[in-house]
Amino acid sequence: MAIVERSKGRVRFAFKDAMKDLVRNPKKESLLMLHFSYGKIRFKYSTGYYSCYSDWDYQKQRIRNKATLLNSGYVNDLLNTLETELYKEVSSIESKQGVISKKVLKEKLDELTNKTEKEVIKDLSFYEYIDKFLDRKKGKIADVTLRSYKQTNRLLKECNNALAFEDINLDFYYDFLEFLENDDKSLNTIGKHIKNLKSFLNSATQDGLNKNLIYTNSAFKAPKEQTTAIYLDEHELKLMADYDFSGYRNWGHARDIFLIGCYTGQRVSDYNGLTKANYLLKDGVRFFRIKQKKTGREVFCPITLEIQAILSKYDNNPPPKMNEQDINEFIKEVGRKVGLNDMVSNSYTKGGVEHVDEVMKYKLIGTHTARRSFCTNMYKKGMSIYDIMHFSGHSTEREFYKYIRIEKEQRAIKIAQSGFFNLSK
């Protein structure tokens, strides 16, 4: 078998300024240059980023990983990409017996660094840049996320339609918070818009357009609170599954989709719209093979007896996809019909004011309740957190514990029975 060998070219990174000057002034920033040599070909190429002598690792030819350096990881990733892709380009040209020239290689580097685009970007205003940001994201992120970014853009303009990068300071931050509170936004909605604003600014910073880093200040934070969120226990799920909704076809349809989410632990974007193409048979066990839209991870969810009972209603197919907004509406009616009428204390902050309401449990049921119910019920059964997270897609135990909804005494019982304590009989 043939192997791919590195081409004869050599890539290294160095400062544009003379070394003796940088040694005398170790904090002085200097442009990082890519130096390439291949036979008689020699050229230098600007990476567009700066560093200083004290932050540069000369052995690794990369920026040192320091907490005080906000985007060192991003820049080092770029340097790695430039080096790798340049070697690949040379190898590709060699394999085709083509002519290697400075022009061809520089065009490749321009493509990798979006040089032409950056030359346009450097003249954009704050709102012009957001428009560019939104264009880039089209088709690459979920529609709901794109809508959220657009909402933030609209609210920023309503707050200050002449906003510039240099205007974004802590005074503006508090003004924007107050504007959103006066607009009767909930605390978590406010946090979402601050988070989106920081995404705009972070992208502009990476593109070399924004030099104002006040948004990285710890005070410039996205506020959030843990709102009241419920889960359905196994008895409540059985009430739903056993109820005859033949006279309410839409309710029954929404119920079936929702229950598949409760038994697989997936997000609604993954459990709503499954087809036979998702079936997999392995070692006598049937699975749904799902590529999670948010994480890109592939997971295998066993088709349980409860799921099979649902599939049998649809000629052994998963129920057809339904609009998420409709599922949220119909599943509340399902909860009401089966008698999920317990009163739940619902606390939240809206318009800067704390509210506490007593609401019937069914009114809090939504598509997100399915994944939370799976996680909580499996935790109560004793499944390991690691295995639950395999299905749910949570990246850390900390996030998992924040996500599940389980009473403190139930968690204490679970831990007590785990074998760590010598319990009295």
Side-chain angles (χ1 to χ4, degrees), residues 3-19 21-22 26-124 129 132-133 135-137 140 199 201-211 213 216 296:
I3 62 171
V4 177
E5 297 181 351
R6 172 170 285 190
S7 68
K8 304 180 184 68
R10 178 171 180 253
V11 173
R12 66 182 180 89
F13 295 96
F15 291 117
K16 182 177 182 179
D17 293 297
M19 182 60 62
D21 294 334
L22 298 176
K27 294 294 183 182
K28 178 185 176 183
E29 290 196 331
S30 180
L31 184 63
L32 287 172
M33 304 293 295
L34 179 153
H35 293 254
F36 180 75
S37 59
Y38 178 90
K40 295 182 179 179
I41 297 176
R42 301 280 191 279
F43 71 80
K44 293 185 291 186
Y45 186 89
S46 169
T47 66
Y49 287 90
Y50 291 77
S51 186
C52 61
Y53 179 84
S54 60
D55 291 336
W56 184 250
D57 186 323
Y58 280 86
Q59 185 175 359
K60 296 180 179 180
Q61 295 183 35
R62 297 294 185 271
I63 299 174
R64 299 183 191 279
N65 189 10
K66 292 182 177 181
T68 54
L69 298 176
L70 298 173
N71 63 342
S72 59
Y74 172 82
V75 176
N76 285 338
D77 285 345
L78 173 66
L79 301 186
N80 291 336
T81 299
L82 294 180
E83 182 174 0
T84 301
E85 294 299 322
L86 195 56
Y87 282 135
K88 285 169 63 176
E89 182 71 9
V90 171
S91 295
S92 175
I93 296 173
E94 285 179 331
S95 67
K96 298 173 185 176
Q97 297 183 336
V99 177
I100 297 173
S101 67
K102 291 182 183 180
K103 181 177 182 295
V104 170
L105 297 181
K106 286 191 174 183
E107 285 177 353
K108 180 65 177 179
L109 292 170
D110 286 345
E111 176 188 334
L112 293 170
T113 57
N114 297 316
K115 187 172 182 180
T116 303
E117 184 178 7
K118 284 182 178 179
E119 288 174 352
V120 174
I121 285 175
K122 70 182 181 180
D123 295 323
L124 297 181
Y129 181 80
K132 185 73 176 177
F133 176 93
D135 284 340
R136 283 177 173 175
K137 296 295 183 181
K140 297 180 180 178
S199 295
L201 294 170
N202 190 51
S203 179
T205 301
Q206 292 179 354
D207 278 332
L209 178 60
N210 176 49
K211 305 297 183 184
L213 301 182
T216 63

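It should be emphasised that the depicted structure is a prediction, and the values quoted were computed from it without experimental measurement.
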_Between Y49 and L79, is there a side-chain heavy-atom distance shorter than 4.5 Å?_
no
*Between R12 and A14, which heavy-atom pair has the shortest distance, and what is it?*
NH1-CB, 3.6 Å
_Rounded distance [0.5 Å steps], CG in L82 versus NZ in K108_ = 10.5 Å
_Stepwise salt bridge (Lys or Arg N to Asp or Glu O under 4.0 Å) test for R136 and D207_ = CA-CA 13 Å; R136 283 177 173 175; D207 278 332; 2.7 Å; yes
*asked:* Ignoring hydrogens, what is the shortest heavy-atom contact between R64 and W56? Give both atom names and the distance.
replied: NH2-O, 3.2 Å
*asked:* Checking K40 now: which residues fulfil side chain to side chain contact (heavy atoms under 4.5 Å, CB included) with it, not counting sequence neighbours?
replied: none
*Report yes if some heavy atom in the side chain of V99 is under 4.5 Å from a heavy atom in the side chain of I93; otherwise report no.*
no
*Within a radius of less than 6.0 Å around CZ of F43, do more than 12 heavy atoms belonging to other residues, nucleotides or ligands occur?*
yes
*Measuring from N210:CG to L201:CG, what's the distance to the nearest 0.5 Å?*
5.5 Å
*For the atom pair CG (L22) and NZ (K16), what is the distance rounded to the nearest 0.5 Å?*
12.5 Å
*Could you tell me whether R10 and E83 have a side-chain N and a carboxylate O separated by less than 4.0 Å?*
no
*Only counting residues at least two apart or in another chain, list the ones meeting side chain to side chain contact (heavy atoms under 4.5 Å, CB included) with S101.*
K103, V104
*Got K102 and F36 here, is their nearest side-chain heavy-atom distance under 4.5 Å?*
no
*asked:* As a quick check of understanding, evaluate side-chain contact (heavy atoms from CB on, under 4.5 Å) for K28 and D17, giving each step before the final call.
replied: CA-CA 10 Å; K28 178 185 176 183; D17 293 297; 4.2 Å; yes
*Would you sort out whether L124 and K132 count as a side-chain contact (heavy atoms from CB on, under 4.5 Å), showing the intermediate values?*
CA-CA 9 Å; L124 297 181; K132 185 73 176 177; 4.1 Å; yes
*Roughly how far apart are D55 CG and I63 CD1, rounded to 0.5 Å?*
7.5 Å
*Under 4.5 Å between any side-chain heavy atoms of S54 and K27, yes or no?*
yes
*Compare all side-chain heavy atoms of T205 with those of T216 and state whether any distance is below 4.5 angstrom.*
no
_I need the F15 CZ to M19 CE distance, nearest 0.5 Å._
7.0 Å
*Roughly how far, to the nearest 0.5 Å, is CZ of F13 from CG of N80?*
7.5 Å
*Take the angle between the ring planes of Y58 and Y53 and call it parallel below 30°, perpendicular above 60°, tilted in between.*
tilted
*Where is the tightest heavy-atom contact between S95 and S92, given as atom of each residue plus distance?*
OG-O, 2.7 Å
*Is there a donor-acceptor pair closer than 3.5 Å between any side-chain N or O of R62 and the backbone N or O of Q59?*
no
*Test item: Y87 and V11 side chains (from C-beta on) under 4.5 Å apart, heavy atoms*: yes
*Is the closest side-chain donor-acceptor distance between E94 and Y38 under 3.5 Å?*
yes
*Grab the two heavy atoms, one from P26 and one from C52, that are nearest each other, plus how far apart they are.*
O-CB, 3.3 Å
